[in-house]
Amino acid sequence: MKVLRASEYQKKNLHGQRRGNHVIEFTKDANGDWITGKNVLNNPRFEDLHSKLVRLTEIEYAPPIIEEDL
Amino acid sequence: MSLIRARYRAVNTIMNLPRGGGVVFDPDYQAVLDYATTQGYTLPSPSQQTAQNQLVLDLKASGAWAKMDSFAVFATDGDDDFALVDWIRLAALTASNSPTFVTNQGYYSDGSTSYIDSNVAIDALGSNYQLGDASFGAWVYSVSGLVSSNAGLCGTGSSRGQFYSFRTQQLININNVTGTGANGTLQSAGFMTLEENGVNAISRNNGVAVTTLVGGGSLLPTGNYCILRSSSQRWAANNVVSCGFAGAADVPILIQSPFATYMAAI
């Protein structure tokens, strides 16, 4: 599964961008990279951010491990 | 009754405008339609409005409605914003990282980042979810293609509200009652729910107990209440969820028949 990786600068600029009930919210994968899903590229609500979103790096998804409290 | 709901009910009473071809809807369902109209969302078809109104009536008759703090119906022919309306709180949930909406089925995650967020801590959604009397859950549209995994169906964005329901050993944490349980991969489509009643934590599939852990709650969860997500884990990709709820411990039993009837009707 492919996801989109953001640099710290890209994450700072895009994280929390909200359009109506839709938001972009980066999360950390198992490698500590900031990622979001590829669906944000096709969401018309984020069309104004498309030029920034296409600059994110496509990487293979590395699932995070389940937290310690389980 | 919340101030928002009271306001919509008052407006509805003053205007006294029937909807859906002359049918006068239950005031609480009418408030959902009025909220969505105010927000500019596309409402369900008239026939589905009738089905949804019946759902509210059935939930009231079963006792589930008064015991829920949050209830969102993702399976609708309204638009993807209407699908995000919390019918109890009259507020919109947030679609984080663009989960995919399927008309009349619901939302699904990409399996990596997307989910639905209530934006509120589970015990702050209302007054029903408490230590010793709590539940949350979701209706899974189909289990076809689901595999045993660490996929998180619903729960909280942080600790003590976690539900990994479709694993060879379920992982459960509700109000700090935590542990592994029975084989969850044999479950059927429909409700997968988790409750804590002061004595046990019980996961259910369509009302039938799957895993029972001994112990009452000791700590409330942290983080917002989420669907298609449990802590850091997202629900399995491409597997649609048709509704989500949070409330008192007996909601998983009370909600079963009304929502199954609704899903069969649409």
Side-chain angles (χ1 to χ4, degrees), chain A, chain B residues 39-41 79-86 91-101 108-117 119 149-152 155-164 167 169-173 176 178-180 219 221-223 229-234 236-238:
Chain A
M1 181 191 314
K2 301 290 187 181
V3 294
L4 302 174
R5 181 181 66 198
S7 66
E8 286 290 341
Y9 177 79
Q10 289 171 317
K11 184 248 181 184
K12 186 176 179 181
N13 277 284
L14 291 168
H15 186 81
Q17 290 282 345
R18 173 180 282 272
R19 304 291 183 271
N21 297 326
H22 293 251
V23 69
I24 296 172
E25 187 182 53
F26 290 92
T27 186
K28 282 195 171 179
D29 68 6
N31 298 320
D33 288 323
W34 290 111
I35 61 167
T36 186
K38 293 179 67 178
N39 279 357
V40 296
L41 295 171
N42 303 317
N43 189 335
R45 292 172 175 86
F46 299 125
E47 194 171 341
D48 62 311
L49 299 173
H50 196 260
S51 63
K52 294 179 179 176
L53 292 170
V54 295
R55 294 182 181 179
L56 300 174
T57 304
E58 189 172 298
I59 62 170
E60 193 65 32
Y61 176 54
I65 58 171
I66 291 181
E67 282 68 14
E68 291 290 322
D69 63 328
L70 275 172
Chain B
Q39 299 299 316
Y41 305 158
D79 67 6
D80 60 353
D81 281 317
F82 184 83
L84 293 171
V85 174
D86 186 328
L93 309 180
T94 294
S96 180
N97 295 324
S98 303
T100 302
F101 174 69
Y108 66 85
S109 173
D110 58 3
S112 57
T113 68
S114 59
Y115 67 101
I116 294 170
D117 193 335
N119 309 304
S149 73
N150 290 334
T156 55
S158 190
S159 61
R160 299 191 292 272
Q162 289 152 274
F163 191 21
Y164 303 99
R167 298 177 86 248
Q169 277 193 307
Q170 289 192 327
L171 292 179
I172 286 171
N173 193 342
N176 213 33
T178 181
T180 56
L219 286 170
T222 60
R229 172 182 179 176
S230 177
S231 191
S232 63
Q233 313 291 321
R234 306 303 190 263
N238 304 317

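Sequence lines set the chain letters: A, B, ... in the order given, protein chains first and strands last, and positions in each chain run from 1. The basis for the numbers below is simple: all heavy atoms, side chains too, and nothing from hydrogens, waters or symmetry mates. Predicted, not measured: the structure shown is a model, and the values here were computed from it.
- Residue contact with chain B, scored on non-hydrogen atoms closer than 4.5 Å, involves the backbone and the side chain of A:Val40 alike.
- At distances below 3.5 Å, not a single donor-acceptor pair connects side-chain atoms of B:Ser230 with backbone N or O atoms of B:Gln233.
- With chain A as the partner, the residue from B:Ser98, B:Gly152, B:Gly111, B:Pro99 showing the most heavy-atom pairs under 4.5 Å is B:Ser98.
- Between the A:Arg18 side chain and the A:Val23 main chain, no donor and acceptor come within less than 3.5 Å of each other.
- The most heavy-atom pairs under 4.5 Å with chain A, out of B:Asp80, B:Leu93, B:Asn176, B:Asp117, come from B:Asp80.
- In terms of heavy-atom pairs under 4.5 Å with chain B, the best-connected choice from A:Lys28, A:Arg45, A:Lys38 is A:Arg45.
- Under a 3.5 Å cut-off, the side chain of A:Gln17 and the backbone N or O of A:Leu14 do not form any donor-acceptor pair.
- Between A:His22 and A:Phe46, the angle of the ring planes goes over 60°, which puts this pair in the perpendicular group of the 30/60° scheme.
- Proximity to chain A (any heavy atom under 4.5 Å) is shown, for B:Ile116, by neither the backbone nor the side chain.
- Only the side chain of A:Thr27 comes within less than 4.5 Å of a heavy atom in chain B; its backbone stays farther off.
- Remark: the backbone N or O of A:Ser7 is not paired with any side-chain donor or acceptor of A:Arg5 at under 3.5 angstrom.
- Looking only at distances, no side-chain donor or acceptor of A:Asp33 sits under 3.5 Å from a matching main-chain atom of A:Ile35.
- Taking chain B as the reference chain and counting heavy-atom pairs below 4.5 Å, the highest number among A:Thr36, A:Val3, A:Asp29 is found for A:Thr36.
- With a 4.5 angstrom heavy-atom cutoff, B:Tyr115 touches chain A only via side-chain atoms.
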